[in-house]
Number of protein chains: 2
Amino acid sequence: MSTHHSNQIRALIERLARLSEAEDWAGELNPAQMAALSYLSNANRFSRAPSHVASFSGSTRGTVSQTLRALERKGLVTETRSQNDRRSISYSVTAKGRELALSGKALDNAIASLPPDRVQALEQGLGNVLRTLLAAQGGRSFGLCRQCRHHERRGSASYCHLLKVDLEPAETEQICHEHSPA
Amino acid sequence: MSTHHSNQIRALIERLARLSEAEDWAGELNPAQMAALSYLSNANRFSRAPSHVASFSGSTRGTVSQTLRALERKGLVTETRSQNDRRSISYSVTAKGRELALSGKALDNAIASLPPDRVQALEQGLGNVLRTLLAAQGGRSFGLCRQCRHHERRGSASYCHLLKVDLEPAETEQICHEHSPA
DNA sequence: TTGCAATAGTTTCGACTCGCTACTATTAAG
DNA sequence: CTTAATAGTAGCGAGTCGAAACTATTGCAA
């Protein structure tokens with residue numbers, strides 16, 4: 001019974017995602033590229049490495065490596081090698097990339113047309129499902145910096161107790177790969 | 001504001017689908033194949049043609065043609081050519097395919113662990129979103145035969161006024177490509 | 001300090017997706 | 001009876017995806 005409903009809902013989620021991804025984004029990007037670009041445009045400066053993208057999307061480093069090269073060829077992201085750890089790379093989204101990442105999606109409009117309480121219920125319900133799924137699979141939560149247990153508000157600025165760095169206000173609204181629910 | 005929430009929810013939907021599809025299904029199937037197999041195992045006998053699968057998944061006939069051949073090579077579906085219209089083909093899911101289609105998914109378990117009212121809210125909310133999206137894009141609803149405007153209950157059996165055929169009870173619980181909301 | 005072991009990322013391989021543009025076969029419509 | 005529409009397939013090119021092998025760097029421990 002409950003199993004039956006779970007099936008239905010999973011089917012709905014997968015179908016909605018599939019239909020949403022079937023949008024061609026001006027023919028420029030495919031779903032994997034769009035997902036990576038969208039993630040990068042919302043991730044903070046500690047969370048823009050290939051391995052973070054891979055972890056976020058449940059993919060592998062090898063696959064993501066190719067996806068990021070495709071994005072770079074298209075001028076949507078640029079790579080920056082780290083000085084501290086010369087193995088690691090951080091990708092930044094260009095202006096052109098940011099524009100594409102924010103371009104209107106039909107699914108967004110469909111969601112926005114719901115009554116506010118329905119939207120609220122959806123967000124909470126899907127959030128719960130995601131947390132449960134991640135807990136079961138040992139994945140990272142990739143939540144907002146601001147909602148992390150290592151985050152501390154200090155007046156107008158903030159501080160991360162895990163990475164031991166000061167944070168600007170805007171950064172606390174970004175995704176962090178070290179995120180841990182409060 | 002509302003736009004912001006819509007973005008969040010779309011991101012949740014796409015991420016959940018991506019994580020769910022990252023399950024390897026015993027290493028046998030990829031996401032597109034699983035989606036097609038899952039659809040076929042729930043579709044009624046009028047809705048199992050390549051074009052129906054394509055329409056359901058928002059893909060193209062060409063792509064689906066290859067996906068179905070892959071499934072057939074793996075012994076998960078079999079094709080049956082129609083006598084009435086010798087252009088059309090109907091695919092059936094084999095026992096092996098049905099087993100795979102019903103195999104447990106981590107996302108199902110995550111959903112099933114929610115309180116029943118949350119599950120209810122999710123199902124309704126996502127259903128609303130899907131209907132809105134389909135209306136905006138002109139896509140078919142692919143709902144259950146039983147919930148169709150052409151369906152009429154006749155004692156223990158049923159009748160479809162569109163296709164003008166008698167239906168067995170089990171068939172009314174399947175997906176129909178001609179489905180039109182009541 | 002030297003010598004692994006772990007980590008970050010890349011490369012290559014093979015099977016496959018995906019949209020596209022032909023293309024064939026069949027059926028429908030004028 | 002020709003023409004148009006429909007159902008499905010074939011081949012192309014760019015790209016996904018997982019796996020395994022590989023390079024370069026960093027960490028750790030004897």
Side-chain angles (χ1 to χ4, degrees), chain A residues 14 17-37 39-40 46-74 76-77 79-91 177-178, chain B residues 14 17-37 39-40 46-74 76-77 79-91 177-178:
Chain A
E14 289 177 356
R18 210 153 257 279
L19 289 174
S20 174
E21 290 172 347
E23 282 190 87
D24 59 11
W25 297 300
E28 299 202 54
L29 270 53
N30 62 35
Q33 291 171 353
M34 191 62 193
L37 182 62
Y39 168 77
L40 285 177
F46 312 110
S47 312
R48 299 194 203 117
S51 56
H52 301 145
V53 179
S55 168
F56 179 79
S57 63
S59 184
T60 64
R61 297 196 309 277
T63 297
V64 166
S65 180
Q66 300 173 71
T67 300
L68 292 176
R69 284 203 305 147
L71 288 178
E72 189 164 35
R73 271 199 306 280
K74 295 176 184 179
L76 305 173
V77 302
E79 75 168 43
T80 318
R81 308 203 84 95
S82 165
Q83 277 85 345
N84 319 348
D85 185 338
R86 287 192 296 182
R87 290 169 301 181
S88 65
I89 297 181
S90 184
Y91 281 85
H177 77 111
E178 298 284 10
Chain B
E14 289 178 356
R18 210 153 256 279
L19 289 175
S20 174
E21 291 172 346
E23 282 191 88
D24 58 12
W25 298 301
E28 299 200 54
L29 268 53
N30 63 35
Q33 291 171 352
M34 191 61 192
L37 182 62
Y39 169 77
L40 285 177
F46 312 108
S47 312
R48 299 195 202 116
S51 57
H52 301 144
V53 178
S55 168
F56 178 79
S57 64
S59 186
T60 63
R61 299 195 309 276
T63 297
V64 166
S65 180
Q66 300 173 71
T67 300
L68 292 176
R69 286 205 308 142
L71 288 177
E72 188 164 36
R73 272 201 304 281
K74 294 175 184 178
L76 304 174
V77 302
E79 76 167 42
T80 318
R81 307 203 85 96
S82 166
Q83 277 85 344
N84 319 349
D85 186 337
R86 285 191 298 184
R87 290 170 302 181
S88 65
I89 299 180
S90 184
Y91 281 86
H177 78 111
E178 297 283 12

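Both backbone and side-chain heavy atoms feed into the values below; hydrogens, waters and symmetry mates do not. Labels below follow one simple rule: chain letters A, B, ... track the order of the sequence lines, proteins then strands, and each chain is numbered from 1.
- With sequence neighbours excluded, no residue forms a side-chain hydrogen bond (donor to acceptor under 3.5 Å, both in side chains) with A/Y39.
- With sequence neighbours left out, the side-chain hydrogen bond (donor to acceptor under 3.5 Å, both in side chains) criterion links A/S59 to no other residue.
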Run B/S55 and B/H177 through side-chain contact (heavy atoms from CB on, under 4.5 Å) and show every step you take.
CA-CA 9 Å; B/S55 168; B/H177 78 111; over 6 Å; no
Do A/L29 and A/L76 pass the side-chain contact (heavy atoms from CB on, under 4.5 Å) test, and can you show the C-alpha distance, the side-chain angles, and the key distance before you say yes or no?
CA-CA 10 Å; A/L29 270 53; A/L76 305 173; 3.5 Å; yes
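- Between the NE2 atom in A/H52 and the CG atom in A/L40 there is a gap of 11.0 Å [rounded to 0.5 Å].
- At a threshold of 4.5 Å between non-hydrogen side-chain atoms, the residues B/R61 and B/P50 do not count as touching.
- Comparing C/dG19, C/dG9, D/dT9 against the side chain of A/R61 picks out C/dG9 as the nearest.
- Rounding to the nearest 0.5 Å places CE of A/M34 at 10.0 Å from CD of A/E21.
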Under 4.0 Å protein heavy-atom contact, by nucleotide of nucleotides 10-16 of chain D - B base, S sugar-phosphate only:
S----SB
Before giving the answer on side-chain contact (heavy atoms from CB on, under 4.5 Å), spell out for B/E72 and B/E79 the whole-Å C-alpha distance, their side-chain angles and the decisive distance to 0.1 Å.
CA-CA 8 Å; B/E72 188 164 36; B/E79 76 167 42; 3.8 Å; yes
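- Near DNA chain D, meaning a heavy atom under 4.0 Å from it, residues 46-55 of chain B has B/A49, B/P50, B/S51 in order of number.
- Rounded to whole Å, the distance from CD on B/E79 to P on D/dA7 is 16 Å.
- At least one side-chain nitrogen or oxygen of A/S59 sits closer than 4.0 Å to the OP1 or OP2 atom of D/dG18.
- Closest approach of B/A36 and B/V53 over heavy atoms only: CB-CG1, 4.0 Å.
- The shortest side-chain heavy-atom distance between A/K74 and A/Q33 falls under the 4.5 Å cut-off.
- Relative to the axis of its first five pairs, the axis of the last five pairs of the helix from C/dT1-D/dA30 to C/dG30-D/dC1 sits at 10°, rounded to 10 degrees.
- Summarising the geometry, the separation between CD on A/E21 and P on C/dG19 is reported as 11 Å, rounded to the nearest angstrom.
- Against DNA chain C, the stretch residues 82-90 of chain B makes heavy-atom approaches under 4.0 Å through B/N84, B/D85, B/R86, B/R87.
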From CA spacing to verdict: side-chain contact (heavy atoms from CB on, under 4.5 Å), B/L68, B/I89:
CA-CA 11 Å; B/L68 292 176; B/I89 299 180; over 6 Å; no
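- B/P31 is not listed as a side-chain neighbour of A/E14, based on a closest heavy-atom distance of 4.5 Å or more.
- Between the CZ atom of A/R81 and the OG atom of A/S88 there is a distance of 8.5 Å, given to the nearest 0.5 Å.
- Atom CZ of A/R81 is separated from atom C1' of D/dT26 by 15 Å (rounded to the nearest Å).
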